[in-house]
Amino acid sequence: MYDDLFQKSKAVLAKNDRGGWTVPAGDLYPHQWLWDSCFISIGLRHYDVVRAQTELRSLLRGQWQNGMFPDIIFSDARRKGLDLDELLWDSSVNQHAPNHVDTSGVSQPPMLAEAVWRVGEKLDETARLEWFREMLPPIIKFHQWLYNERDPRGEGLITVIHPYESGLDDSPAWLDELEAQGAPRWINIGEKLGLGIIVNLIRRDTRHADSSQRMSNMEALSFFVALRRLRKQKYDSKLILANPYLAIQDLVFNCILIRANQRLAEIAKAIGEELPGGLAKQAKRHESAIEKLWDEEAGQYFSRSFSRKELIKEPSVATFMPLYAGCISPAHAKQLVNLLNDKMRYAPTWPIPSVPLDSPYFNDSRYWQGPTWINMNWLIIDGLERYGFKDEAKDLRDKTLRLVEQNGCSEYYNPLTGAPNGAKNFSWTAALSIDLLKS
Ligand code: GLC
């Protein structure tokens, strides 16, 4: 069963292979992205573990001297054309950015420890220990940077400073925060005057995918404005968080870091080392701090606004991520699973919608505002298994594989019809399908 899916997925990864790393999708995403490469290595390890190691080693090229892993390492291809990335990012404004490659100035969910661990599972013992010894120091530095720079009030939670950094770019929580902070007036005026057509000429994504499936022009422009602001502040977290604009204690990011710390401790233990005391303490504290994101009345978790210091009560698929973190009570886990089974919200034909069906934001084909994403399903399947919800995990695994088999390796899917949306031949969809098939 699924033999065809395995071969097709391998073909997608081969097509997007650029030598030492894999692009998320040919034209639409022509660079190396941080969490994409982590997911990609988790698929590659099943048939070419050495290539999987190379995928992750390539990420080390972009690590900043202060420890940050940027979300994008630009390939030289960008020099050939005019795109907004090229105009906007200029990481050289920060003294810690590497000289030999161009990168963005923000990070992305820290999946690296998980990826290193899983790739290690496929190596023989000697190679595995060597691999862990090589990868442990850069990841420790990354996690330390996160705790030192992104939790200025010492709340035990990490603050994300741009929607791109969260990986779920136009998820409702960000749109609420944008509204609360007030989008620049000229953007609203521009929208009214219909200047969207001009914006569309500059945006790369709408040249390679249907614009009705992408974020709106108003959202895209607002995010670019937020990005320019970060560049002016030289991507200096302390400066940025002293005067925050779009900044949230993001649920997905925090849960992934919690799990990454657990993986890091396992990696360290395997080679007879211990994590630095400070980091071990911060990791422990982080696990209980996640309860600050629980809302008793709604019976679910939310992200929290850094400047307003309140929960952003916009439901989304992020609410299930504490299952993956593995640090919540069985009672809360059960409440989440009930929610997951709710047909009016999260259980359409092709789950899991990135925004529940009953949300005013729900749109069945628009980016992070409704469509089903395979990386979210993969993380949640893992979390369900961890909490012993074996039937739910199996059901979601089967539906996910059927979705991809029937509709190809798309970036995301319509949760009602299964129709493919966004980019075609999307790498993490291929890689994680392989992993769901093989493990
Ligand atoms: C989009 C996604 C982000 C992903 C990137 C490359 O920006 O929102 O999560 O990493 O594309 O695939």
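In listed order, ligands and their atoms are each counted from 1. Since the structure is predicted, the reported quantities are computational estimates derived from the model, not experimental observations.
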**Student:** Any heavy atom of W368 closer to ligand 1 than 4.0 angstrom?
**Tutor:** yes
**Student:** F306 ring centre to R150 NZ or CZ under 6.0 Å, with the angle to the axis within 45°?
**Tutor:** no
**Student:** On the 0 to 90° scale, with breaks at 30° and 60°, tag the W33-Y29 ring pair as parallel, tilted or perpendicular.
**Tutor:** perpendicular
**Student:** Taking only heavy atoms of Q108 into account, list the atoms of ligand 1 that are under 4.0 Å away from them.
**Tutor:** 3 (C), 4 (C), 9 (O), 10 (O)
**Student:** Does a salt bridge link R263 with E266, judged by any charged N lying under 4.0 Å from a carboxylate O?
**Tutor:** yes
**Student:** Do T103 and W64 meet the criterion of a side-chain donor-acceptor pair at a distance under 3.5 Å?
**Tutor:** yes
**Student:** In terms of residue, atom name and distance, what is the protein heavy atom nearest to atom 9 (O) of ligand 1?
**Tutor:** G167 O, 2.7 Å
**Student:** Which of the atoms in ligand 1, numbered in the order shown and given with their element, are less than 4.0 Å from a heavy-atom of W33?
**Tutor:** 5 (C), 6 (C), 10 (O)
**Student:** If you measure from the Lys or Arg side-chain nitrogens to the Asp or Glu carboxylate oxygens, is any gap between K8 and D4 under 4.0 Å?
**Tutor:** yes
**Student:** Does the N or O separation between L168 and ligand 1 drop below 3.5 Å for any pair?
**Tutor:** no
**Student:** Can you see whether Q249 engages N254 through a side-chain donor-acceptor pair at a distance of less than 3.5 angstrom?
**Tutor:** no
**Student:** If the cut-off is 4.0 Å to any non-hydrogen atom of D36, which atoms of ligand 1 fall inside it?
**Tutor:** 4 (C), 6 (C), 10 (O), 12 (O)
**Student:** When the aromatic ring centroids of H286 and Y147 are compared, is their separation below 6.0 Å?
**Tutor:** yes
**Student:** Return the residue, atom name and 0.1 Å-rounded distance of the protein heavy atom closest to atom 7 (O) of ligand 1.
**Tutor:** D169 OD2, 3.1 Å
**Student:** For F426, take its heavy atoms, then give the atoms of ligand 1 lying under 4.0 Å from any of them.
**Tutor:** 12 (O)
**Student:** Just let me know how Y367 lines up against ligand 1, side chain, backbone, both or neither, with a heavy-atom cut-off below 4.0 Å.
**Tutor:** side chain
